[in-house]
Enquirer: 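This is the structure, below, for whatever I ask next.
The model shown is predicted, which means the values in this text are computed figures rather than measured ones.
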Amino acid sequence: MNIRYILFLCLLVCGFTASAQYNAKRELRAAWIATVANIDWPSQKGLTSQQQQAEFVAILDHLKSIGMNAVIVQVRPVADALYPSSFEPWSEYLSGTQGQHPEPYYNPLTFMIEQARLRGLEFHAWFNPYRASMKADFVHAAGHPVTLHPEWFLRYGGKMYYDPGHPEAREFVLQSIMETVKHYDLDAVHFDDYFYPYRVANEEFPDSCSYADYGKSRFEHKDDWRRDNVDFFVKELAGRIRKEKPHVKFGISPFGVWRNIEKDSLGSNTRAGVTNYDDLYADVLKWLKEGWIDYVTPQLYWQIGFEKAEYKTLVDWWSKNAFGKHVYIGQGAYRVGEKGWENPEEINNQIAYNRSVAGIQGSMYFSTKTFMQNKSGINDKVKRLYPHHALVPVMSWMKGQPVYAPQLDTIAGTPASGLKLAWKDAQNSATSYYIIYRYKGAAPGGLDDPTNIVAIVPRQPAAVQTWMDTKAERRTIYTYVITAADRLHNESEGGSAYTVKTKGRKGKIRSVTAR
């Protein structure tokens with residue numbers, strides 16, 4: 001037999017075994033939904049509101065079907081907004097014209113959050129803090145800050161940016177982000193890797209004037225001043241978020257390498273041509289150490305074995321430098337099938353390795369389009385990784401609210417028509433959603449095994465909550481237990497267990513016993 005074929009079979013079996021045997025109950029499973037340049041949503045400019053909404057619902061349904069439990073949606077891509085903003089105009093990626101709202105009018109951010117809630121998906125609002133346009137000659141809408149305050153902006157590499165070193169520009173951006181924190185039901189504020197822009201060959205970032213005005217008297221080296229500007233921004237935003245809404249998380253997805261070890265003994269054993277600290281002026285390690293951010297998602301878009309920035313090496317490094325905060329790995333799903341990613345099990349092998357490293361709590365995938373197109377059959381690969389429900393990991397430093405076990409009242413129906421569970425929430429409980437466990441047999445099992453979770457159900461604005469089990473089998477004894485969880489995913493103890501016995505060809509309920 002061909003040796004390559006044998007190796008392929010080994011990889012396939014090993015990858016399947018590693019993923020199939022993983023039964024941790026908590027794991028973040030998220031996908032980025034990019035709106036800049038209509039990468040993921042909407043599919044093109046100028047769609048009607050109904051078309052935009054239908055596309056977004058289809059995306060959420062698909063992501064839910066392959067096992068995701070969170071979405072990271074880009075709501076402010078280039079100093080514009082996918083919501084009515086007091087600071088910046090409507091995004092051109094909606095209507096095709098910056099400053100023009102969708103027709104007929106609706107608020108996309110409100111709609112997206114509501115739809116995510118209905119499906120039990122965490123909603124992380126993704127902001128690009130400094131990028132102001134993808135083209136330096138872009139004609140902005142009337143009243144855009146670039147026309148009102150041109151001194152706040154810089155042109156570099158054919159694009160336009162807010163100047164991170166200009167105090168007024170920085171404050172304006174902070175307020176624009178806090179506007180959404182105050183007025184929308186976000187689970188998290190999220191940044192990606194764009195702080196100071198990536199270096200452009202033979203072009204210096206043109207911030208000499210702001211350095212002379214605001215930094216030269218305090219910092220001998222411009223690079224230190226630039227890092228201080230970004231540090232201030234991150235620290236200030238973290239403080240404002242926690243003061244306004246302590247339950248809202250703040251996370252950042254940086255470039256995958258903080259510093260190379262040849263420049264800093266604390267750095268990773270890599271030889272990356274770009275690093276956060278030296279090129280983007282983003283001292284992510286400091287932000288974690290100081291507790292300014294709640295999670296970090298390094299973009300490890302390289303394959304296992306890549307010489308200059310090896311995947312496993314970087315997973316290990318970030319896990320050891322999290323300072324107690326959560327680490328989710330940014331997975332380069334878009335690269336499946338491309339050069340370096342020819343191994344059909346690359347994604348599965350990466351997730352299997354993540355799961356073997358203490359301190360890695362999940363993944364975010366870039367980007368949603370890869371799943372919607374099912375590139376290289378990625379959907380089946382991911383379903384294999386996520387055969388069971390998983391709860392979002394709890395952040396122990398964020399204070400939750402008391403949640404109490406709901407009381408299951410009735411079970412009615414038949415397996416053919418569906419068994420309908422009805423329950424009431426405990427009084428004074430900060431319930432956000434429910435977890436329904438189903439065990440075969442006349443006794444409940446533990447709550448630690450996710451294979452027993454049959455549904456995660458959002459709380460509805462009703463006195464009695466219901467859920468229909470459409471996959472119950474005839475002539476089978478089942479025991480159901482329901483727990484409640486708050487919005488930070490703290491789970492209650494289990495409520496009273498109810499055992500259901502069915503009989504006959506139609507599967508009518510013979511008895512229901514409370515335990």
Enquirer: Return yes if some donor-acceptor pair links the side-chain N/O of Q407 with the main-chain N/O of G495 below 3.5 Å, else return no.
Expert: no

Enquirer: Do L237 and I177 pass the side-chain contact (heavy atoms from CB on, under 4.5 Å) test, and can you show the C-alpha distance, the side-chain angles, and the key distance before you say yes or no?
Expert: CA-CA 9 Å; L237 181 58; I177 295 170; 4.1 Å; yes

Enquirer: Taking salt bridge (Lys or Arg N to Asp or Glu O under 4.0 Å) as the definition, give me every residue that meets it alongside D469, ordered by chain and number, with sequence neighbours left out.
Expert: R438

Enquirer: With side-chain hydrogen bond (donor to acceptor under 3.5 Å, both in side chains) as the test, would you mind laying out the steps for Y353 and N348 before giving the verdict?
Expert: CA-CA 9 Å; Y353 188 75; N348 295 64; over 6 Å; no

Enquirer: Quick one, N128 and V36 - any side-chain contact, counting heavy atoms below 4.5 Å?
Expert: no

Enquirer: Rounded to the nearest 0.5 Å, what's the gap from CD1 on I435 to CD1 on I453? Could you check?
Expert: 6.5 Å

Enquirer: Report yes or no: does D380 contribute a side-chain atom to a donor-acceptor pair with the main-chain N or O of R384 at less than 3.5 Å?
Expert: no

Enquirer: Given side chains that start at C-beta, do those of E27 and S363 come closer than 4.5 Å, heavy atoms only?
Expert: no

Enquirer: Considering residues at least two apart in sequence or located in another chain, which fulfil the side-chain hydrogen bond (donor to acceptor under 3.5 Å, both in side chains) criterion with W258?
Expert: D283

Enquirer: Which residues pass the side-chain hydrogen bond (donor to acceptor under 3.5 Å, both in side chains) test with S429, not counting sequence neighbours?
Expert: T431

Enquirer: Are any side-chain N or O atoms of N69 and backbone N or O atoms of A390, one a donor and one an acceptor, separated by less than 3.5 Å?
Expert: yes

Enquirer: Pick from Y295, F191, F195, F233: which one makes a ring pair (Phe, Tyr, Trp, His ring centres under 6.0 Å) with W287?
Expert: F195

Enquirer: Listing request: all ring-ring contact (aromatic ring centres under 6.0 Å, His included) pairs with a residue in residues 444-497, at least two apart in sequence or in separate chains.
Expert: Y433-H489

Enquirer: Should D409 and Y498 be marked as a side-chain hydrogen bond (donor to acceptor under 3.5 Å, both in side chains) after you check the CA-CA gap, both sets of side-chain angles, and the distance that decides it?
Expert: CA-CA 9 Å; D409 284 344; Y498 275 65; 5.6 Å; no

Enquirer: Considering only residues two or more places apart or on different chains, which pairs with a residue in residues 480-493 satisfy salt bridge (charged side-chain N to carboxylate O under 4.0 Å, His left out)?
Expert: K25-E491, D185-R487, D187-R487

Enquirer: Find the distance between NZ (K369) and CG (N38) and round it off to the nearest 0.5 Å.
Expert: 10.0 Å

Enquirer: Counting neighbours of CG on N269 that are heavy atoms of other residues, nucleotides or ligands and sit closer than 6.0 Å, is the number greater than 12?
Expert: no

Enquirer: Do K399 and P246 touch side chain to side chain, with heavy atoms closer than 4.5 Å?
Expert: no

Enquirer: Is it the case that E310 and T270 place a side-chain donor and acceptor less than 3.5 Å from each other?
Expert: no

Enquirer: Counting distance only, does the side-chain N/O of Y439 pair as donor-acceptor with the main-chain N or O of G446 below 3.5 Å?
Expert: yes

Enquirer: Can you list every pair that meets ring-ring contact (aromatic ring centres under 6.0 Å, His included) and has a residue in residues 397-417, with sequence neighbours left out?
Expert: H326-W397

Enquirer: Looking at the rings of F255 and W302, which for Trp means the six-membered one, are their centres under 6.0 Å apart?
Expert: yes

Enquirer: Keeping T368 on the side-chain end and W32 on the backbone end, is there a donor-acceptor pair under 3.5 Å?
Expert: yes

Enquirer: Do E236 and R240 meet the salt-bridge criterion of a basic N to acidic O distance under 4.0 Å?
Expert: yes

Enquirer: Just do the side-chain contact (heavy atoms from CB on, under 4.5 Å) check on S253 and D193 with the steps written out, would you?
Expert: CA-CA 6 Å; S253 176; D193 52 324; over 6 Å; no

Enquirer: Looking only at atom types and distance, does a side-chain atom of E244 sit under 3.5 Å from a main-chain N or O of R242, one as donor and one as acceptor?
Expert: no

Enquirer: Set out, in order, the CA-CA distance, both residues' side-chain angles and the distance that settles side-chain contact (heavy atoms from CB on, under 4.5 Å) for Y184 and V75, then state yes or no.
Expert: CA-CA 12 Å; Y184 294 90; V75 301; over 6 Å; no

Enquirer: With sequence neighbours excluded, tell me which residues meet side-chain hydrogen bond (donor to acceptor under 3.5 Å, both in side chains) with W317.
Expert: none

Enquirer: How many angstroms lie between NE2 in H388 and OH in Y386, if you round to the nearest 0.5 Å?
Expert: 13.5 Å

Enquirer: According to salt bridge (Lys or Arg N to Asp or Glu O under 4.0 Å), who are the partners of K249, at least two apart in sequence or on a separate chain?
Expert: E122

Enquirer: In sequence, state the C-alpha distance, the side-chain angles, and the governing distance for W41 and L82, and then conclude on side-chain contact (heavy atoms from CB on, under 4.5 Å).
Expert: CA-CA 11 Å; W41 180 84; L82 275 76; 3.6 Å; yes

Enquirer: Step by step, would you call T483 with S492 a side-chain hydrogen bond (donor to acceptor under 3.5 Å, both in side chains)?
Expert: CA-CA 6 Å; T483 63; S492 73; 4.8 Å; no

Enquirer: Taking salt bridge (Lys or Arg N to Asp or Glu O under 4.0 Å) as the definition, give me every residue that meets it alongside E346, ordered by chain and number, with sequence neighbours left out.
Expert: none

Enquirer: Run Y311 and Q331 through side-chain hydrogen bond (donor to acceptor under 3.5 Å, both in side chains) and show every step you take.
Expert: CA-CA 10 Å; Y311 181 86; Q331 314 290 159; 3.2 Å; yes

Enquirer: Can you name the residues that form a salt bridge (Lys or Arg N to Asp or Glu O under 4.0 Å) with D40, not counting sequence neighbours?
Expert: none

Enquirer: Show me the donor-acceptor pairs within less than 3.5 Å that the side chains of residues 51-66 make with the rest of the protein, sequence neighbours left out.
Expert:
from : atom 1 : to   : atom 2 : distance (Å)
Q51  : OE1    : T48  : N      : 2.8
Q51  : OE1    : T48  : OG1    : 3.3
Q52  : OE1    : Y106 : OH     : 2.8
Q52  : NE2    : L47  : O      : 3.2
Q52  : NE2    : L94  : O      : 3.4
E55  : OE1    : S43  : N      : 2.9
E55  : OE1    : S43  : OG     : 3.4
E55  : OE2    : S43  : OG     : 2.5
D61  : OD1    : R119 : NE     : 2.6
D61  : OD1    : R119 : NH2    : 3.3
H62  : NE2    : F371 : O      : 3.1
H62  : NE2    : N379 : OD1    : 3.3
H62  : NE2    : N379 : ND2    : 3.3
K64  : NZ     : R119 : O      : 2.9
S65  : OG     : H62  : O      : 2.6

Enquirer: Has the side chain of N276 got a donor or acceptor atom that lies under 3.5 Å from a matching backbone atom of V257?
Expert: yes

Enquirer: Which pairs pass salt bridge (charged side-chain N to carboxylate O under 4.0 Å, His left out) with one or both residues in residues 420-432, sequence neighbours excluded?
Expert: D425-R459

Enquirer: If we only count heavy atoms from C-beta on, is the T297 to I329 side-chain gap below 4.5 Å?
Expert: no

Enquirer: Measuring only between side-chain heavy atoms, which start at C-beta, is V296 closer than 4.5 Å to V327?
Expert: yes

Enquirer: Would you check if Y83 and R76 make a side-chain contact, meaning some heavy-atom pair closer than 4.5 Å?
Expert: yes

Enquirer: Would a 4.5 Å heavy-atom cut-off, applied to side chains only, mark I351 and R355 as touching?
Expert: yes

Enquirer: Starting at OH of Y437, measure out to NE2 of H389 and round the result to the nearest 0.5 Å.
Expert: 11.0 Å

Enquirer: Within a reach of under 6.0 Å around NZ of K235, are more than 12 heavy atoms found that belong to other residues, nucleotides or ligands?
Expert: no

Enquirer: For the residue pair W292 and K286, establish whether any side-chain heavy-atom pair is separated by less than 4.5 Å.
Expert: yes

